[in-house]
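Computed from a prediction, not measured in an experiment: that's the story for all the values here. Chain naming here is simple, since letters A, B, ... match the order of the sequence lines and numbering starts at 1 in each. All values below were derived from every heavy atom in this structure, side-chain atoms included, with hydrogens, water molecules and symmetry-related copies excluded.
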Protein chains: 2
Amino acid sequence: MSNTPNPRQFHIHLVSDATGTTLLGLARACLAQFEDVEPIQKFWPLVRTQKQLEKILTQIQANPGPVIFTLVDKKMRERLQDRADELGIPCVSVLDPIMRGLSSYLGKHAKGVPGLQHTMDDAYFKRVEAVDFAMRFDDGKSFDGLKEADVILVGVSRTSKTPTSIFLARRGIKAANIPLVPGVKIPEEYFELPDCLYVGLSASADRLAELRRSRLQADQNMHGMSKNEYLDLEKIEEEVRDARRLFSRKNWPVINVTRRSIEETSAEIMSYWQNFQDKRKAREANEDSQDSEMKAGA
Amino acid sequence: MSNTPNPRQFHIHLVSDATGTTLLGLARACLAQFEDVEPIQKFWPLVRTQKQLEKILTQIQANPGPVIFTLVDKKMRERLQDRADELGIPCVSVLDPIMRGLSSYLGKHAKGVPGLQHTMDDAYFKRVEAVDFAMRFDDGKSFDGLKEADVILVGVSRTSKTPTSIFLARRGIKAANIPLVPGVKIPEEYFELPDCLYVGLSASADRLAELRRSRLQADQNMHGMSKNEYLDLEKIEEEVRDARRLFSRKNWPVINVTRRSIEETSAEIMSYWQNFQDKRKAREANEDSQDSEMKAGA
């Protein structure tokens, strides 16, 4: 029995003094651009001591392959880089070019302390609170306090409202979601909260039917619909039409999620959200200046 | 009324042909390393056409500041870079150094198609399924099918089991969590599923009391505990001790989350998970070779 090595298979090492989350994203983005490769990803987060680094260097030597890293400590960086050079493997420090750009633009030096982005500051607690919020307001579970939401997603069953809410929450955006279920009437006031950005999520009836079939096997939560109604293609088409009618009556932005990943849908919503906030700021600035004009005139 | 510009305040533009998630992480990591700055972040995801890019260039001109970007299309990259040069602002392509490293290591060219990391492939559906799973098995809501979990988090109330499960899910790891509530008996079998990695989450009683007080204001879900029990410091200390006793009896890794962000806790769990999988693979390989030895001996 021969164990032919696979030339397309190689190890890639992600070494970080913080959580390594960004490295995972970068590796994914870059590796996706190469055909016929089967990377085996080795993930080494929270590397903060020379001793930890030495252990990992042993592992890299055992399974050599490209290294991408974020290490702020100078001594550790040099050690990693030197070792990679000896092993003849590429070793890329991903933050360096950005740090250089910012340093020269700001005329300041970087602090050089690892993991500063993970200080448990206001932004951090805002993100945690937003995840909490998304869980509490998932799937129309609660309407009490809904007006605290930044974004409210509205759509029929299986338009990925839940994972999208969660994704937005991880970015610090408080997202609630309201399901549109035939026969279940939502009080109009919940569709007219003035400080919330509403986004309609839509999808093709075919795709929804497919997702619902597989969902039914996993979970029996039916929102008071019968199984036949839930899966009947004509009924679904009607649901989708009704939903679209609501979105256009309310003049909400609509995203068709049929061929779109959660990440892409969320990115688009974050764009809308930036716009929504910019407009609000402009309006407030305008009101402020009217206020002071009035005072000046008085 | 003078409007003195704030020299610490500046715009930073994140331009991506994909979701820009990684750019947000990179910007956060880098900006955290500079003192006394107040960056205003502008987020431009899903930029795929020359027309979209021109619109953004107008916005960048209106609020000039460092640009960090991921654009795969050569023409768009050049246009952005040229315009930034004209405006005299730094402009950093974050994927380039990694792409170069991988290209030379693999002896292959990158495909140059934007957003390939977001193809809705098996890994994508695995991530979506994992978020679904985390929602279904949150907070001991269900035990039916628990053995499908990759990771099971165990801890007393407010040890951030839920947001940690969600974070792991977004990385494709199926995480369930089981709360330890005084007086609520969990059947022993759920603590002994052989294919799951158990991780105990612990925190200082002081911190838990603080978190629980603020939680109570937001939500009244009490798990059958009385309010006094839930907040009494001595009772909490007892809860924490009992939990730690369980963790050590079961020989589970334990993470103290008191001063740790969700991201850091998750990164540590992902390390444990990598280890757990490596050991399993080694064990399976070992069993395989014993099997073939037996066959050879027969």
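Counting heavy-atom pairs under 4.5 Å between each of B:V128, B:I12, B:L24 and chain A puts B:L24 at the top. The candidate with the highest count of non-hydrogen atom pairs below 4.5 Å against chain A, out of B:L102, B:V131, B:V94, is B:L102. The greatest number of non-hydrogen atom pairs below 4.5 Å with chain B, out of A:A134, A:P45, A:C30, A:A18, is found for A:C30. The most heavy-atom pairs under 4.5 Å with chain B, out of A:G145, A:S261, A:P90, come from A:S261. Top candidate by heavy-atom pairs under 4.5 Å with chain B, chosen from A:R260, A:H109, A:R127, is A:R127. Taking A:G25, A:C91, A:S16 one by one and counting their heavy-atom pairs under 4.5 Å with chain B, the maximum is reached by A:G25. Between chain B and the options A:P97, A:S142, A:G20, heavy-atom pairs under 4.5 Å are most frequent for A:P97.
Within the structure, the side chain to side chain donor-acceptor pair (under 3.5 Å) test picks out no pair touching residues 25-37 of chain B (sequence neighbours left out).
With rounding to the nearest 0.5 Å, the separation of OG1 in A:T265 from CG in B:L46 is 9.0 Å. One finds the CZ atom of B:F167 at 5.5 Å from the OG1 atom of A:T19 (value rounded to the nearest 0.5 Å). Residue A:T162 holds its OG1 atom at 5.0 Å from CE of B:M135, rounded to the nearest 0.5 Å.
For a residue to count as touching a neighbouring chain, one of its non-hydrogen atoms must lie under 4.5 Å from one of that chain's; by this rule A:L95 touches chain B with backbone and side chain alike. Contact annotation for B:D144: neither backbone nor side-chain heavy atoms come within less than 4.5 Å of a heavy atom of chain A. For chain B, the nearby parts of A:S103 are the backbone and the side chain; heavy atoms of each come within less than 4.5 Å. With a 4.5 angstrom heavy-atom cutoff, A:R171 touches chain B only via side-chain atoms. Using a 4.5 Å cut-off between heavy atoms, A:V37 touches chain B through its side chain atoms alone. Residue B:I98 touches chain A through both its backbone and its side chain, counting heavy-atom pairs closer than 4.5 Å. B:I68 touches chain A through its side chain: at least one heavy atom from C-beta onward sits under 4.5 Å away, while N, CA, C and O do not. For a residue to count as touching a neighbouring chain, one of its non-hydrogen atoms must lie under 4.5 Å from one of that chain's; by this rule A:Q41 touches chain B with the backbone only. The part of B:F125 that comes within reach of chain A is its side chain, from C-beta onward, which places non-hydrogen atoms under 4.5 angstrom from that chain. With a threshold of 4.5 angstrom between heavy atoms, A:I166 approaches chain B through side-chain atoms but not through N, CA, C or O. Within the 4.5 angstrom heavy-atom criterion, no atom of B:S266 approaches chain A. Heavy atoms of A:L23 lying under 4.5 Å from chain B are absent altogether.
Two residues are said to be in side-chain contact when any heavy atoms from C-beta on lie closer than 4.5 Å; B:T70 and A:L26 fail this criterion. Contact check for B:R170 versus A:T21: no side-chain heavy atoms found under the 4.5 Å cut-off.
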Got a list of side-chain donor-acceptor pairs under 3.5 Å for residues 270-277 of chain B, not counting sequence neighbours?
| residue | atom | partner | partner atom | Å |
| --- | --- | --- | --- | --- |
| B:W273 | NE1 | B:Q277 | OE1 | 3.4 |
| B:Q274 | OE1 | A:F43 | N | 2.8 |

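Between A:Y124 and B:I262, the shortest heavy-atom distance links the atoms OH-N, 2.8 Å.
When the shell of 6.0 Å around NZ of A:K126 is examined, it contains 12 or fewer heavy atoms from other residues, nucleotides or ligands. Heavy atoms of other residues, nucleotides or ligands lying less than 6.0 angstrom from NZ of B:K55 number 12 at most.
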